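A quick note: this is a predicted structure, and the numbers were derived from the prediction, not measured. Counting begins at 1 with the first residue of the sequence.
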Amino acid sequence: MQVLTKRYPKNCLLTVMDRYSAVVHNMEQVVMIPSLLRDVQLNGPGGRAQTGAPDLYTYFTMLKAICVDVDHGLLPREEWQAKVAGGEVEEAENEAAETEEAEEERISGELDLEAQFHLHFSSLHHILTHLTLKAQEVTRKYQEMTGQVL
């Protein structure tokens, strides 16, 4: 299990990012056979499986992919679009991106930068905390399935 080596204030975004990264790396070390997670649902409130929710394998791969971005930073926008489009960025996507950028510029003119920062900061903090809990649940469920519960 990875241990946090850096010390930041408890609610600091860097602390949340480090915690997420450590929990996902721990999940990767524990889950030796990810295919066992296929078709296994995460239990929701009350101990019942959530209908329509992704299986644990989907969570596992998503959490790993997000961790790469947290650890190494974001891809440049063009590379990200090419990756999402499977290597082919179509004109319609470019037009949609340009429309989105224009909308963002219009909104940024309406909101001040401090308000935007706090909105995105709190959202990122909340999402990373939620994803950290999901990674812990995937690890715990895998340990239960394989009889590794401590």
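- With sequence neighbours left out, the side-chain contact (heavy atoms from CB on, under 4.5 Å) criterion links Val68 to His72.
- Taking Thr58 as the reference, Asp55 meet the side chain to side chain donor-acceptor pair (under 3.5 Å) condition, with sequence neighbours excluded.
- In this structure, the side chain of Thr15 engages the main chain of Pro9 through a donor-acceptor pair within 3.5 Å.
- Taking CG of Asp71 as the reference point, atom CD1 of Ile66 lies at 12.0 Å (rounded to 0.5 Å).
- Between Glu28 and Phe60, the shortest heavy-atom contact is CA-CE1, 4.4 Å.
- Val30 and Leu133 end up in different hydrophobic clusters when Ile, Leu, Val, Met, Phe, Trp and Tyr side chains are linked at under 4.5 Å.
- The two residues Cys67 and His25 make their nearest non-hydrogen contact at SG-NE2, 3.8 Å.
- Side chain of Thr139 to main chain of Ala135: a donor-acceptor pair is present (N/O by atom type, distance under 3.5 Å, no hydrogens or angles).
- The distance from the CG atom of Leu56 to the NZ atom of Lys134 is 9.0 Å, given to the nearest 0.5 Å.
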Check against side chain to side chain contact (heavy atoms under 4.5 Å, CB included), Met27 and Lys64: CA-CA 9 Å; Met27 176 187 73; Lys64 281 179 45 177; 4.3 Å; yes
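- Using a 4.0 Å cut-off between charged nitrogen and carboxylate oxygen, Glu137 and Lys141 do not count as a salt-bridge pair.
- Of all heavy-atom pairs spanning Tyr20 and Leu63, the tightest one is OH-O, 2.8 Å.
- Across all non-hydrogen atoms, the minimal contact from Arg140 to Glu144 is NH1-OE2, 2.7 Å.
- Although no hydrogens or angles enter the test, the distance criterion places no donor-acceptor pair under 3.5 Å between the side chain of Tyr142 and the main chain of Leu36.
- Taking CG from Asp18 and SG from Cys12, the interatomic distance works out to 8.5 Å, rounded to the nearest 0.5 Å.
- For the side chain to side chain contact (heavy atoms under 4.5 Å, CB included) with Tyr57, the qualifying choice from Val31, Leu37, Val138 is Leu37, the only one to do so.
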Which donor-acceptor pairs under 3.5 Å do side chains of residues 120-128 form with protein atoms, sequence neighbours excluded?
unit_1	atom_1	unit_2	atom_2	d
Ser122	OG	His118	O	2.9
Ser122	OG	Leu119	O	3.1
Ser123	OG	Leu119	O	2.9
His125	NE2	Asn11	O	3.2

